[in-house]
Each structure stands twice: as C-alpha cells, then as structure tokens.
Participant: 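Take this structure, written in structure tokens, and hold onto it; I'll ask about it next.
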Amino acid sequence: MVTPTICHKTTKLNNGASIPLIALGTYKAAPDECYDAVIHALEFGYRHIDTARIYRNEVSVGRAVNDFLKSHPDVKRSDLFITTKICPCDYRNPEFAIQCSLERLQLDYVDMYLMHHSLAMVSGEGLMPADENGNRKYIPFEEFSYIDAFKLVVKLVEKGYTKAVGVCNFNLPKIKRLVEDKNLAMVPAINQCEIHPYLPESELVEYCQANGVVIEAYSPLGSTGAPVLKEPVLIELAKKYEVSPACIVISWSVARNIVVLPKSVTSTRIDENIKVIEMSTDDIKKINDICKKTSKRYLNPNWGIDVYGSDAEFKPIN
Ligand code: A2P
C-alpha cells in the first residue's frame, strides 16, 4: 500500500515564478458553494486557485482568499497563486476587463491572467453572445485575431495587474503561431486545455513543454460527474495502489509535470485531490495508452467552427 501525500510540488513559469502543480478548479462551482470550497481548500493546504470571469464566481473566490489571509497571518498573498481569465467578449479591452476582475476579486493583482479561448467574441451582448443557431458570436480572425488580443493582454503585466499572462484552449497550430511570432513581447506562460487519460494531448504537451509554455489540465476527471474515473484501467490501478481512481489521474498529471485543476465543492474530495502517489513507469505507460482505445473530449462549446481541430485557424466544419 502507498499512502498519498499532499503535493507541494511547483513548476517554473517563463517569468521565473513558481506555480503549484495542483490547483482547486472552480468551473461550475456556484458562488456560495465556491466560497466554502476555496476556504476549505486553502485551509487544507492548496495554494493555487483557478477561476474565470465566465464562471461568475470571482467574488466568492476573492472573498474566500481575503478571509483566509486575514485569519492566517502566517500566509502571505505572495504565497498564493490566483488565476483568472478574460472573457472573449472583452478581448478588445483587456485593461478594463482585468480592472473589473480585480474589483470582484478584491485583489491588487492576479498571478496569472489567461485568454479563455482562441476566438474573440462580439462585445456588448453579455458574456456569451450567441447567434440564432446557438453558436457563439465570434469576431472573424481577419478582423481581430487572438494575436491582436494577446498583444493587448501582455501590456497588463507591465501595468502591474497580473504577474504573467497565458492562454486556454489553444491547439498546436495556434500556440505555435503565438510562440513563434517574433512581434510579440512575450511567449504565453501557460496553455490551459482539457486534458485527461481520454485526451492526453501528448503532441501539444510535448511542444509546449519544449518551448517554455506550462501546460495546465482542466476537467482532469472529465468534468461533471467525473466520468473518466469509470475507466477500467484507472480502477485497476486504483485497486493495485489502494487509492482512488481520482488519485491515479491526478498523480499521472503531476508525473507529466502538468498543472492539474480538479474541480470539487465537496470537502472530502478537495482533500483527496491534492494528495498524490508515485507510480511505476509501466503503470504511467498504461494510463498513456488508454487513449488508444477510448478517445473523448467532454467540453466542446458551440463555436460553429472546429476550434480544437488540428488545422490552423478558421477552417469551417463543413
Ligand atoms: P463535486 O464538485 O460535486 O465534488 P473535473 O475536475 O474534471 O472538472 O471534474 C469535476 C467533477 O468531478 C465534479 O462533478 C466533482 O464533483 C467531481 N469530483 C471531483 N473530485 C472528485 C473525486 N475525488 N472523486 C469523484 N468525483 C470527484
């Protein structure tokens, strides 16, 4: 039997800062439960919290962080790593967007500000503007691209609003474009993507890690209901090590040096999700091989175009 232990591991970002490898994810955490979850996580030892404008829980996250810091004078703000994300409808005005996020969070700065998607959405129609078919209303790449947006977002670092910037949901061609664009003032520090044993994104992970972009895994358990944990190979390994399947998945991500963001509003699960074990190379390979049999993406918003496909920008689905 192996006893899982709290993971205090960090990895280095391209701005020199350290980022804890395990964070509390808050996607789909409703405001009141989110406050309790964040307080509980910080009390238990989490030092990294991930939120977003679109999650509509920045106020709860900020209140929990500030209440925790007030009641724990031994922990400094600089001991915590707080990430939030700009909604694509705000890409043309990131300075105002981050000022509003900091106001909701009641923080002077965030540690990481991520562009939530690779497409800008129209502004002035709410957080999730959609057309008559239910597809997100995006701004054509030719008119205002993620490169244009990133050029504005990087300026927030020197203005002191955020320590670093990065992106989410960038597939290989898109992250390559950003990394290789010589006109950009900096390379994104993070690329946060859906990653789990059914979607290990090995090529993307390899490219990012070789080019100084830290990879973060959202929905590591498959999002709502944690469907990935029903995978027989994970259950078999959980039995072998006498831990939960969640521990196997999270330990696998840590072993890949991927920042992993399990979401939970359940105290016992929050406690469980920050504890990891070391597995043998053979067992890690077994998990790597799961996708050869079953490959699945759980979160695929209606963009009306193939945003996650392997082709470069703006290839229509049909
Ligand atoms: P809850 O928040 O009610 O505890 P993901 O991190 O992939 O987005 O998965 C989140 C989902 O997985 C939520 O439904 C969450 O439920 C559930 N979950 C989180 N941690 C665990 C765990 N250790 N075991 C089982 N389910 C979990």
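As the structure lists them, so they are numbered: ligands from 1, and atoms in each ligand from 1.
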Participant: Output the list of atoms in ligand 1 that are nearer than 4.0 Å to some heavy atom of Thr224, sorted by atom number.
Facilitator: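 Within the 4.0 Å cut-off of Thr224, ligand 1 contributes 14 (O).
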Participant: Run the contact test for Ser244 against ligand 1 with a 4.0 Å cut-off on heavy atoms, strictly below, and give the result.
Facilitator: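 Ser244 does not count as a contact of ligand 1 under the 4.0 Å cut-off.
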Participant: What is the ring orientation for Tyr298 with Tyr198, classed by angle as parallel under 30°, tilted 30 to 60°, or perpendicular over 60°?
Facilitator: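 Tilted.
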Participant: Show me which atoms of ligand 1 lie under 4.0 Å from any heavy atom of Glu272.
Facilitator: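 Those of ligand 1 that fall under 4.0 Å from Glu272 are 23 (N).
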Participant: For atom 1 (P) of ligand 1, which protein heavy atom lies nearest, and how many Å away is it?
Facilitator: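 Nearest neighbour among protein heavy atoms for atom 1 (P) of ligand 1, to 0.1 Å: Arg269 NH1, 3.3 Å.
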Participant: Taking only heavy atoms of Ala246, which atoms of ligand 1 are found under 4.0 Å from at least one of them?
Facilitator: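 By the 4.0 Å cutoff, the relevant atoms are 22 (C), 23 (N).
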Participant: To the nearest 0.1 Å, how far is atom 11 (C) of ligand 1 from its closest protein heavy atom, and which atom is that?
Facilitator: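 Closest protein heavy atom to atom 11 (C) of ligand 1: Ser223 O, 3.4 Å.
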Participant: Can you see which heavy atom on Phe81 is nearest to which on Met112, and at what distance?
Facilitator: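 Looking at all heavy atoms of both residues, the shortest contact is CE2-CB, 3.7 Å.
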Participant: Is there a path from Leu114 to Met128 through hydrophobic residues (I, L, V, M, F, W, Y) whose side chains come within less than 4.5 Å of each other?
Facilitator: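 The answer is yes; both residues are in one hydrophobic cluster.
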Participant: With a cut-off of 4.0 Å, which atoms of ligand 1 are near a heavy atom of Thr266?
Facilitator: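 Within the 4.0 Å cut-off of Thr266, ligand 1 contributes 1 (P), 3 (O), 4 (O).
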Participant: Is Lys163 close enough and on-axis enough to Tyr109, meaning under 6.0 Å and within 45°, for cation-pi?
Facilitator: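 Yes, Lys163 and Tyr109 form such a contact.
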Participant: Would Leu221 count as a polar contact of ligand 1, with the cut-off being nitrogen or oxygen pairs under 3.5 Å?
Facilitator: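 In this structure, Leu221 places an N or O atom under 3.5 Å from an N or O of ligand 1.
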Participant: Which residue supplies the protein heavy atom nearest to atom 12 (O) of ligand 1, what is that atom called, and how far is it?
Facilitator: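 Checked against all protein heavy atoms, atom 12 (O) of ligand 1 sits closest to Ala226 CB, 3.4 Å.
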Participant: May I ask you to check whether Tyr146 and Tyr91 place their ring centres under 6.0 Å from each other?
Facilitator: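 No, they do not, as the ring centres are separated by 6.0 Å or more.
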Participant: At what distance is the nearest protein heavy atom to atom 14 (O) of ligand 1, and which residue and atom is it?
Facilitator: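 Result for atom 14 (O) of ligand 1: Gly225 N, 3.0 Å.
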Participant: Give, for atom SG of Cys34 and atom NZ of Lys28, the distance between the pair rounded to the nearest 0.5 Å.
Facilitator: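 One gets 14.5 Å once the value is rounded to the nearest 0.5 Å.
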Participant: Going by distance alone, is a donor N or O of one side chain under 3.5 Å from an acceptor N or O of the other, for Gln192 and Asp50?
Facilitator: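 Asp50 and Gln192 do have a side-chain donor-acceptor pair below 3.5 Å.
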Participant: For atom 10 (C) of ligand 1, what is the nearest protein heavy atom, given as residue, atom name and distance?
Facilitator: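 Ranked first by proximity to atom 10 (C) of ligand 1 is Lys263 O, 3.4 Å.
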Participant: Would Gly25 count as a contact residue for ligand 1, given that I'm defining contact as a non-hydrogen atom of the residue lying under 4.0 Å from a ligand atom?
Facilitator: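 Contact check Gly25 vs ligand 1: negative.
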Participant: So which heavy atom in the protein is nearest atom 23 (N) of ligand 1, and how far is it from that ligand atom?
Facilitator: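 Nearest neighbour among protein heavy atoms for atom 23 (N) of ligand 1, to 0.1 Å: Asn273 OD1, 2.9 Å.
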Participant: What is the ring orientation for Tyr27 with Tyr55, classed by angle as parallel under 30°, tilted 30 to 60°, or perpendicular over 60°?
Facilitator: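 Answer is tilted, since the angle falls between 30° and 60°.
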Participant: Please answer: with hydrophobic residues joined when any side-chain heavy atoms are less than 4.5 Å apart, are Val187 and Val167 in the same cluster?
Facilitator: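 Yes; tracing contacts between hydrophobic side chains, which count when under 4.5 Å, links both residues.
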Participant: Within the 4.0 Å heavy-atom shell around Leu229, which atoms of ligand 1 are there?
Facilitator: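 In order of numbering, the contacting atoms are 24 (N), 25 (C).
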Participant: Need the ligand 1 atom indices (1-based, order shown) with element for anything under 4.0 Å from a heavy-atom of Pro262.
Facilitator: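 Taking each heavy atom of Pro262 in turn, ligand 1 has 6 (O) under 4.0 Å.
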Participant: Using distance alone, with no hydrogens and no angle criterion, decide if Thr11 and Asn257 have a side-chain donor and acceptor under 3.5 Å apart.
Facilitator: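 Result is yes, a qualifying pair exists.
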